[in-house]
Amino acid sequence: MEEPGEIEIILPDGSRRTYPRGVRAADVVRDIGPRLARDAIAVKLDDEILELFRTLDRGGRFVVLTWKDEEGRYCYRHTAAHVLAQAVKRLYPDADLAIGPPIDDGFYYDIDLDKRLTPDDLEAIEAEMRRIIAEDLPLERFELPREEALRLMEERGEPYKIELINDLGDDQVISFYRQGEFVDLCRGPHAASTGRIKAVKLLNVAGAYWRGDENRPMLQRIYGTAFESEQELQEFLWRREEARRRDHRRLGPELDLFHFDDVAPGYAFWHPKGTIIYNELVRLSRELQSRYGYQEVRAPDILKTDLWRISGHWEHYRENMFLIEDEGTVYGVKPMNCPGHALIFKARTRSYRDLPLRMAEYGHLNRFERSGTLHGLLRARGFVQDDAHLFVREDQIEDEILHCLALVDEIYGRIFEMDYSIDLSTRPDDFMGDPALWDRAESMLASALERAGRSYRVAEKEGNFYGPKLDFHMVDSLGRRWQCATVQLDFQMPQRFDLVYTGEDGREHRPVMIHRAIMGSLERFIGILLEHFAGAFPTWLSPVQARVIPVAADYAGYARQVRDRLAGRGLRAEVDERNEKVGWKIRQAQLEKVPYMLVVGAREAEAGTVAVRHRDQGDLGVMPVDALVDQLAAEVESRSLRPRVGAEGAD
RNA sequence: GCUGGCGUAGCUCAGCAGGUAGAGCACUCGAUUCGUAAUCGAGCGGUCGCGGGUUCGACUCCCGCCGCCAGCUCCA
């Protein structure tokens, strides 16, 4: 029991300890264990994160935060950001500090400085940071009343900090952190000393607006990262380098899949090999959707503005649309398929028996994206979605959402074996319709997720103008997250288009529309896959599935026979008849990420066999052409991610 | 769109105090007929992103535009 003058804390394992009131957090941590004391970055008392130098004046649930905790990393990198700011101030005393928070992979600090920082400057700043770390300056926290806080920042000549203080509410504590000669307005929390930072690296510098507002001054944002050990830092840098190496904008043209040209910013030119991948994905989508009860349609690309006014796009999406004028009439190029589908729904009377009606379209969409936002295939102006609109009765919504979840699982889980997380995006500021309806729609999405037993995160105000949505973020082989699939509820469009169906009661009822895409934009999806697989697509997606390599010109005839056998089973095979040595052809095929290389010479031609080599597994030995064709066809038909040719491939 | 950087052969890049461009790979041809990641030789290829200006002369300096890259903002 807690005595007066004592506090009781509860550790994560449920054990309880008492300490004198006012004990330092660091002393409690040291008392728990020396190992933990070394790893500790900060502590958490109930829901409040405190520095190790703070004193505890109440008890509660007590957790020691280390590098393993997201909150621990956050504190650690937040302090690293302060070290950065301190280094900048030492080297450039006239720099004005803005904000410097930790972010997922590191931290940044926005500063206002007349001199433009170069990579060399970053190195100098980094060297200064190391000095500050070596100085092992203890951090100290203090609070000031508003007037004194303003005076302090006035003295130190920090206009951005003054603005921040002025914007703080009256109920908010104004706290500062000091380390050596450096003082920063900051909410915290932090590590206890600059010496706690083990490995730092400044990464780059880029422009960023003060408070993200393009009408405000442009500041210089210095990005950096910090890790618990030099080794982890090196691993991070390697991953970054690997991501650069896998960049789809580099791999795509290199593998002859697509290219971009100045004459069409934001639009890919799909080469034959890229088009094969594109078409394979559409084929997969068609197969699954037809199994899931979808019907495919095709709606016009260019529609009068009358249509876009009805749909609400004119009001909410016009700046993202390409407009065409002809004979005084303005047309909009479709950025979304939904209005077209609404018109197809409306083209005849619909019965409740028709619902849910699932309308799919691989329509080409054009969106005018601002030039600075384009990013290869991942952010294009022209793309195709595996898009569909589901027209459902209100009582079918949850089941339809579950039906969508199953399809997402099928593609991401079963076919690509990628993990994903789900966001529920709620009503944005620029919304259409009745807030009460929004609330209901949001709760329907939540309850569907709960029924499916899926965990999710709520993304406030991230919904579309016409309804709340679920966004699915895939995790690729480098741990990066990408948004692809989306499921969006829409009560607005049916109303605006006056969509109705005849119910069992013989009266007219309003359907609900669900917009959904699974792969999302095929362009983006291919870009992500390209980076995920580093160009080495699974065999079913590979533009060239097998390359037959005759060891000399004499065996080209046999090589062609092998190719024809493969082609006869619908496999994509070709012969490398160039006048080169085997080693060279192998190298070429490896670089092109061709999954199977089939070497043929006198022995193979004689026996009706091929010597099989897989791009990752190397030499798989010699096997009869029949067996190879069967196994390869099985691998492709099952859309296997792994090679299934060879001894253990026969399962 | 905004801030900064960049734009030389199909690709990767060199070059220049301003004196009208060079390498490797790719491609073509020739020789070689070859057994699992680079055979040798020759040839072809550039109004140095586009347009203006300064200059006797501009790939090089200046201005404008286009595109790309890193961010900001926005998003499938």
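Each chain gets a letter, A, B and so on, in the order the sequences are listed, and its residues count up from 1.
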Problem set entry | Ring centroid separation Phe465(A) to His313(A) under 6.0 Å | yes

For this session: Name the residue closer to the 5' end of RNA chain B, choosing between Asp261(A) and Asn320(A) according to the nucleotide with the nearest heavy atom.
Result: Asp261(A)

Exercise. How far, in whole Å, is rG7(B) from rC11(B) if one measures between their C1' atoms?
Worked result: 15 Å

For this session: Starting from P on rC11(B), measure out to NE2 on His259(A) and report it in whole angstrom.
Result: 10 Å

For this session: Check the distance between rG67(B)'s P and Tyr267(A)'s OH and give it to me in whole angstrom.
Result: 13 Å

Problem set entry | rC50(B) and rA58(B), which share atom name C1', separated by this distance in whole Å | 15 Å

Problem set entry | hbond_proxy Arg379(A) side chain to rC74(B) base (donor-acceptor, 3.5 Å cutoff) | yes

Problem set entry | Closest to side chain of Ser371(A), choosing from rC68(B), rC72(B), rG1(B) | rG1(B)

Exercise. Just checking, is any N or O donor in the side chain of His473(A) or Gln483(A) under 3.5 Å from an acceptor N or O on the other one?
Worked result: no

For this session: Just call it for Arg524(A): base, sugar-phosphate, or nothing, with non-hydrogen atoms closer than 4.0 Å on any strand.
Result: base

For this session: Would you mind classifying the nucleic acid contact of Glu369(A) as base, sugar-phosphate or nothing, using non-hydrogen atoms under 4.0 angstrom?
Result: base

Exercise. Judged by modelled atom types alone, do Asp423(A) and Tyr456(A) share a side-chain donor-acceptor pair under 3.5 Å?
Worked result: no

Problem set entry | For rA38(B), the Watson-Crick or wobble partner whose two distances fall under 3.5 Å | none

Exercise. Could you state the CG-C1' distance from Leu113(A) to rG4(B), rounded to the nearest angstrom?
Worked result: 14 Å

For this session: Both distances under 3.5 Å, Watson-Crick or G-U wobble: report the partner of rG67(B), or none.
Result: rC6(B)

Exercise. Does Phe258(A) have its ring centroid less than 6.0 Å away from the ring centroid of His271(A)?
Worked result: no

Problem set entry | Rounded interatomic separation in angstrom, taking CZ from Arg370(A) and P from rC72(B) | 13 Å

Exercise. When you compare rU54(B) with rA26(B), how far apart are their C1' atoms, in angstrom units rounded to a whole number?
Worked result: 40 Å

Exercise. Watson-Crick or G-U wobble partner for rC74(B), using a 3.5 Å limit on both distances?
Worked result: none

Problem set entry | Glu442(A)/Lys469(A) salt bridge by N-O under 4.0 Å criterion | no

Exercise. So what does Ala553(A) hit on the nucleic acid, given a heavy-atom distance under 4.0 Å: a base, only sugar-phosphate, or nothing?
Worked result: base

Exercise. Within a radius of less than 6.0 Å around CZ of Arg578(A), do more than 12 heavy atoms belonging to other residues, nucleotides or ligands occur?
Worked result: yes

Exercise. Is any side-chain N or O of His375(A) closer than 4.0 Å to OP1 or OP2 of rA70(B)?
Worked result: yes

Exercise. Do NZ/NE/NH1/NH2 and the carboxylate oxygens of Arg211(A) and Glu163(A) come within less than 4.0 Å?
Worked result: yes

Exercise. Hey, is NZ on Lys593(A) packed in by over 12 heavy atoms from elsewhere, all under 6.0 Å?
Worked result: yes

Problem set entry | B/S/- contact track for nucleotides 35-44 of chain B, protein heavy atom under 4.0 Å | BBBBB-----

Problem set entry | Length of the line joining Arg578(A):CZ and rA31(B):P, which is rounded to integer Å | 18 Å

Exercise. Paired with rU60(B): which nucleotide, if any, by Watson-Crick or G-U wobble criteria at under 3.5 Å for both distances?
Worked result: none

Problem set entry | Residue that, paired with Ile277(A), satisfies side-chain contact (heavy atoms from CB on, under 4.5 Å) out of Phe525(A), Trp270(A), Phe537(A) | Phe537(A)

Problem set entry | Earlier contact from the 5' end, RNA chain B, for Phe368(A) and Lys469(A) | Phe368(A)

For this session: For rG49(B) and rG10(B), measure between their P atoms and round to the nearest Å.
Result: 12 Å

Exercise. For Phe383(A) and rA76(B), is the gap between ring centres under 5.5 Å while the planes differ by less than 30°?
Worked result: yes

Problem set entry | Base paired to rG45(B) (Watson-Crick or G-U; both N/O distances under 3.5 angstrom) | none

Problem set entry | Nearest heavy-atom neighbours spanning Gln385(A) and Arg367(A) | NE2-NH2, 4.1 Å

Problem set entry | Nearest-Å distance once atom P is located in both rG4(B) and rC63(B) | 12 Å

Exercise. Base, sugar-phosphate, or nothing for Arg249(A), non-hydrogen atoms under 4.0 angstrom?
Worked result: sugar-phosphate

For this session: In whole angstrom, give me the gap between the C1' atoms of rU36(B) and rA31(B).
Result: 24 Å

Exercise. Distance between the C1' atoms of rG45(B) and rG57(B), in whole angstroms?
Worked result: 27 Å

Seminar exercise, completed: Here the distance between atom C1' of rU3(B) and atom OH of Tyr223(A), to the nearest Å, is 13 Å

For this session: Examine rA76(B): is either OP1 or OP2 under 4.0 Å from a nitrogen or oxygen in the side chain of Gln385(A)? Give yes or no.
Result: no

For this session: Check every strand shown and say whether Phe525(A) touches a base, only sugar-phosphate, or nothing at a heavy-atom separation below 4.0 Å.
Result: nothing

Problem set entry | Any-strand Watson-Crick or G-U partner of rA14(B), both distances under 3.5 Å | none

Problem set entry | Whole-Å distance separating the CG atom of Leu377(A) from the P atom of rC68(B) | 13 Å

Seminar exercise, completed: Separation of rC74(B) atom P from Asp471(A) atom CG, nearest Å, is 15 Å

For this session: Determine the interatomic distance between P on rA9(B) and the same-named atom on rG41(B); round to the nearest Å.
Result: 25 Å

